[in-house]
Amino acid sequence: MAIELGKPGLDGLDGVVGVLREWQYDGAPMQLHPGDVGWFWRFGAEATAAAIRTWNRDGRVLAIGLLDGADLLRLTIAPDAVRDEELARRVAEDAGDPERGVLPTGKVFIEAPSGALVQDVLSGNGWDADEPWTPLRRDLTGPVPDPGVRIEVIGPERAHVRTAVQRAAFGRSTFTDERWHAMAAGSPYADARCLVAYDDQDTPVATVTVWSAGPGKPGLLEPMGVHPDHRGHGHGRAITLAGAAALRDLGSTSAVVYTPSHNAGAVATYRAGGFEERPVMRDLCRS
């Protein structure tokens, strides 16, 4: 059967999340996680459905892409299809032709798992390596140290605390209370937690959202931030530990996160929280 490019629509969103859950496993190369779709869900279910692309053969999903903005396709592939030549060539053709509705004209980017054949095909088609990203992983089979600060699990009535810290930590953030509620209404959030850390003055100083992919699978931290007025006091390490502990309680066997390699502060924070660096990954860019 020929490979078909498609969109899941609203009715198919939960199915896509379910497939992404199945594809997660400890030791996998960094790849699109159900939590990535869950975090995007803050823009609403319709926007999320419009941003998803799938590649199917004989009724089976082989690859899933999330258009994270107009110019970035975040792609992952079924574990047994990462070296499938027909799939790699079809994905590269679809991503390279703006008329197929994947990526527009101009400068665009693709994130794909390390070792996937589609990376080789894209490189052969003139796509270049972009800036490096550093993936990090923490094993959760053992206990996680206490963060040493008060941690609150945020529910709907306290969403305003979570969003305020997010907007302070990321100056260009548009994470409003309305968007928190939209995110929390999505199916990925059933296995997610929003946490806020407080200092000894009971001031909210840091936040993280963690996403489980189910028991026995890696969970994701996305995003994590510290209020700029309270940096340099170990709050990033504290909220990272709290996030790892929450994932362990949800049954995750590891926690993963990644950050631009030039962000040395973020890398150091995750390392302080017990995360270990993994080989650098790079998006591919068509200029």
Distance (rounded to the nearest 0.5 Å) between [X] [atom1] and [Y] [atom2]:
X    : Y    : atom1 : atom2 : result
T54  : I3   : OG1   : CD1   : 11.5 Å
M183 : F40  : CE    : CZ    : 14.0 Å
D36  : D68  : CG    : CG    : 7.5 Å
T240 : R271 : OG1   : CZ    : 13.5 Å
R158 : W180 : CZ    : CH2   : 12.0 Å
H262 : E131 : NE2   : CD    : 7.0 Å

Give a yes or no answer on whether the side chain of [X] reaches the backbone of [Y] with a donor-acceptor pair at less than 3.5 Å.
X    : Y    : result
E111 : L72  : no
R53  : G101 : yes
R100 : A95  : no
H33  : P218 : yes
S252 : R248 : no
S212 : A192 : no
Q24  : L32  : yes
T269 : G236 : no
R282 : D128 : no

Quick check on the hydrophobic clustering: are [X] and [Y] connected, directly or via other members, by side-chain heavy-atom contacts under 4.5 Å?
X    : Y    : value
V16  : W23  : yes
L87  : V61  : no
V82  : W55  : yes
V149 : V208 : yes
V102 : L66  : no

Can you tell if the side chain of [X] reaches within under 4.5 Å of the side chain of [Y], non-hydrogen atoms only?
X    : Y    : value
F109 : D71  : yes
R286 : N125 : no
K7   : I52  : no

*Do I110 and L103 pass the side-chain contact (heavy atoms from CB on, under 4.5 Å) test, and can you show the C-alpha distance, the side-chain angles, and the key distance before you say yes or no?*
CA-CA 9 Å; I110 292 181; L103 287 166; 3.8 Å; yes
*Stepwise side-chain contact (heavy atoms from CB on, under 4.5 Å) check, C194 with T207*: CA-CA 7 Å; C194 276; T207 187; 5.6 Å; no
salt_bridge([X], [Y]) N-O dist < 4.0 Å:
X   : Y    : value
R90 : E86  : no
R21 : D191 : yes
D84 : R57  : yes

*How far apart are the C-alpha atoms of T134 and V280, what are their side-chain angles, what is the distance that settles it, and do they pass the side-chain contact (heavy atoms from CB on, under 4.5 Å) test?*
CA-CA 5 Å; T134 297; V280 165; 4.2 Å; yes
Using every non-hydrogen atom in the two residues, find where [X] and [Y] come nearest and quote the distance to one decimal.
X    : Y    : value
A266 : T259 : CB-OG1, 3.6 Å
V226 : A169 : O-CB, 3.4 Å
R83  : G115 : NH1-O, 2.8 Å

*List for me each residue that meets side chain to side chain donor-acceptor pair (under 3.5 Å) alongside D283, sequence neighbours excluded, and say none if there are none.*
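In terms of side chain to side chain donor-acceptor pair (under 3.5 Å), with neighbours along the sequence ignored, D283 is linked to no residue.
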*Pick one: which of W41, Y189, W39 meets ring pair (Phe, Tyr, Trp, His ring centres under 6.0 Å) with W211?*
Y189
*Using a cut-off of 6.0 Å, state whether more than 12 heavy atoms not belonging to D11 lie near its atom CG.*
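At most 12 heavy atoms, drawn from other residues, nucleotides or ligands, come within 6.0 Å of this atom.
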*Can you establish whether the number of heavy atoms outside E157 located under 6.0 Å from its atom CD is more than 12?*
yes
*Under 3.5 Å, is there a donor-acceptor pair between the R42 and T174 side chains?*
no
